[in-house]
Amino acid sequence: MRITRFAPSPTGPLHLGHAFSALTAHARAEGGTFLLRIEDIDRQRSKPEWERRIHDDLRWLGLDWPEPVLRQSDRLPAYRAALTRLWSDGLLYPCGCNRRDILEAASAPQEGGPRFGPDGMIYPGTCRGRDRTGPLPEAVPLRLDLARAATRIDGPLRWTETGEEAGPREIAPGTLIDDIGDPVLSRRDMGTSYHLAVVIDDAHQGVTEVVRGRDLAEATPLHVLLQRLLGLSVPAFHHHRLIRDDTGRRLAKRDDARAIGLYRDEGASPADIRRMVGL
Ligand code: GLU
């Protein structure tokens with residue numbers, strides 16, 4: 001049975017891009033199950049009011065999903081268990097670098113300047129030599145040692161894309177080091193990170209196809225690597241086109257002008273929203 005999900009963070013209003021993503025995921029469930037998941041690991045920016053409005057806007061659009069809805073803030077023990085496993089396998093190291101430290105290290109002459117990947121600035125590995133013994137460190141960011149992780153995987157990373165440019169994908173795990181850099185799997189004060197939480201919860205909820213925007217496609221090799229390291233099943237990935245504003249920029253949280261709530265207030269119907277996003 002097909003299981004898809006829409007996984008917004010309750011840090012602002014849903015805009016047309018979210019509507020398109022949710023409608024696409026709902027349609028892709030094809031009589032199976034469409035799930036709503038609240039990705040609220042960022043406790044500073046997540047607000048109950050935004051969460052309430054997400055439910056309200058999605059219902060208004062005509063979507064339905066099983067209750068109760070999974071909230072990532074309730075899943076910290078599961079993330080911790082995965083971190084403990086990766087830590088015991090010697091694949092994590094504590095990292096005390098802030099953005100400025102990383103920028104400085106990446107700007108050293110031999111590094112050739114900062115580069116960016118799906119986990120932000122590509123980390124030059126400054127803390128890779130730090131102590132990895134003892135119990136899982138608390139309240140300190142933990143990074144995945146990609147070079148070592150790649151040696152634990154037999155063969156290439158494989159998955160299937162079902163959206164644009166559909167087809168099988170295959171990539172050698174070693175290439176992630178250059179394209180992504182050692183990613184943070186546990187952020188300070190969060191006990192997890194987007195990449196870790198999303199992979200664990202997709203597996204926990206039995207998601208068979210991850211539907212999301214093309215902007216997240218470059219994180220997929222990392223997600224497949226984590227699935228393989230943690231012994232989780234690898235779903236299909238459907239990366240869809242992005243909804244852009246009149247100037248061609250893709251919509252982001254700051255685009256409150258395109259919030260679904262505002263269109264609703266102006267009298268738009270759910271059918272109008274579907275038309276606006278090209279459905
Ligand atoms: N919470 C993520 C976002 O709002 C969802 C990412 C995903 O679907 O994997 O961008």
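We count ligands from 1, going down the list as the structure has it; atoms in each ligand are counted the same way.
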With a cut-off of 4.0 Å, which atoms of ligand 1 are near a heavy atom of Arg212? 7 (C), 8 (O), 9 (O)

Salt bridge Arg241-Glu164, side-chain N to carboxylate O under 4.0 Å: no

If the threshold is 4.0 Å, N to carboxylate O, is there a salt bridge linking Asp56 and Arg264? yes

With a cut-off of 3.5 Å and sequence neighbours excluded, list every side-chain donor-acceptor pair involving residues 102-113.
residue : atom : partner : partner atom : Å
Ser107  : OG   : Leu103  : O            : 2.5

For Arg5 and ligand 1, answer yes if some heavy atom of the residue is under 4.0 Å from a ligand atom, otherwise no. yes

Counting heavy atoms under 4.0 Å, the part of Leu216 that contacts ligand 1 is side chain

What do the steps show when you test Asp201 against Arg75 for side chain to side chain contact (heavy atoms under 4.5 Å, CB included), and what is the final call? CA-CA 8 Å; Asp201 289 339; Arg75 298 270 301 149; 2.7 Å; yes

Which of the numbered atoms in ligand 1 are below 4.0 angstrom from a heavy atom of Ser9? 1 (N), 4 (O)

Indicate yes or no: does an N/O atom of Val198 lie under 3.5 Å from an N/O atom of ligand 1? no

Out of Phe6, Phe237, Tyr194, the nearest non-hydrogen contact to atom 6 (C) of ligand 1 is supplied by Tyr194

Only counting residues at least two apart or in another chain, list the ones meeting side-chain hydrogen bond (donor to acceptor under 3.5 Å, both in side chains) with Thr175. none

Suppose I only count heavy atoms of Glu39 and a 4.0 Å limit; which atoms of ligand 1 are within that range? 1 (N), 2 (C), 5 (C)

Are His55 and Trp65 close enough that their ring centers fall under 6.0 Å? yes

